[in-house]
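The chain is numbered in sequence order, starting from 1.
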Amino acid sequence: MDKWDKRFMEICEVVSTWSSCAREGRQIGAIITKDKRILTTGYNGAPAGILNCRDKGYCMRDEMGIKSGTCQEMCYAVHAEQNAIIQAAKLGLSVDGATLYCTHQPCTICTRMIINSGIAKIIYKHPYPDEFAMKLIKESGIVCEQFSE
């Protein structure tokens with residue numbers, strides 16, 4: 001990894017602190033970059049205007065006993081990668097050919113969005129228990145690397 005990868009991953013870590021997820025260790029940050037410039041940021045949290053889990057005082061997934069890596073639709077939060085892509089759409093920015101940095105490996109749902117958005121490269125720090133997402137990434141031809149210093 002080069003110095004830019006390290007810089008961008010450090011920024012992802014800061015962005016992850018903005019997360020409103022109440023689950024321990026599930027604060028996720030993402031940024032989309034192109035030509036060594038940050039296009040957008042994203043963190044996991046409830047949609048605009050919806051109370052987040054911290055404000056509600058509980059995690060619905062914990063209360064229902066939902067295992068990590070399963071039933072992603074059963075959560076108030078929009079994933080960090082999704083929020084970064086959505087932000088680009090709202091701002092009218094193309095992410096075609098861009099690089100997505102993320103604190104965690106994308107799940108299957110995010111991976112499908114990443115593929116269709118035209119993002120060319122993913123660099124993530126922590127693995128996630130979603131083998132199908134990695135299969136899709138491999139089939140799509142997107143370059144995917146786990147960050148290490």
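When every heavy atom of Ala133 is checked against every heavy atom of Cys107, the shortest pair comes out as CB-C, 3.6 Å. Nearest heavy atoms, Leu100 versus Glu81: CD2-CG, 4.0 Å.
Between Ile28 and His79, the closest side-chain pair of non-hydrogen atoms is not below 4.5 Å.
Under a 3.5 Å cut-off, the side chain of Thr40 and the backbone N or O of Ala84 do form a donor-acceptor pair. No side-chain donor-acceptor contact under 3.5 Å links Gln105 to the backbone of Lys125. Looking at Asn52, its side chain never comes within 3.5 Å of a backbone N or O of Ala46 through a donor-acceptor pair. Judged by distance alone, the side chain of Asn44 and the main-chain N or O of Ala80 form no donor-acceptor pair under 3.5 Å.
Glu131 and Lys135 are not joined by a salt bridge, as no carboxylate oxygen comes within less than 4.0 angstrom of a charged side-chain nitrogen.
Note on Ile122 and Leu39: same hydrophobic cluster, where clusters join Ile, Leu, Val, Met, Phe, Trp and Tyr whose side-chain heavy atoms are under 4.5 Å apart, directly or indirectly. Ile38 is connected to Phe147 through a chain of hydrophobic side-chain contacts under 4.5 Å among Ile, Leu, Val, Met, Phe, Trp and Tyr, so both are in one cluster.
Listed by chain and number, the residues in a ring pair (Phe, Tyr, Trp, His ring centres under 6.0 Å) with Phe8 are Trp4, Tyr101 (sequence neighbours excluded). For Lys56, the salt bridge (charged side-chain N to carboxylate O under 4.0 Å, His left out) test picks out no residue, with sequence neighbours left out.
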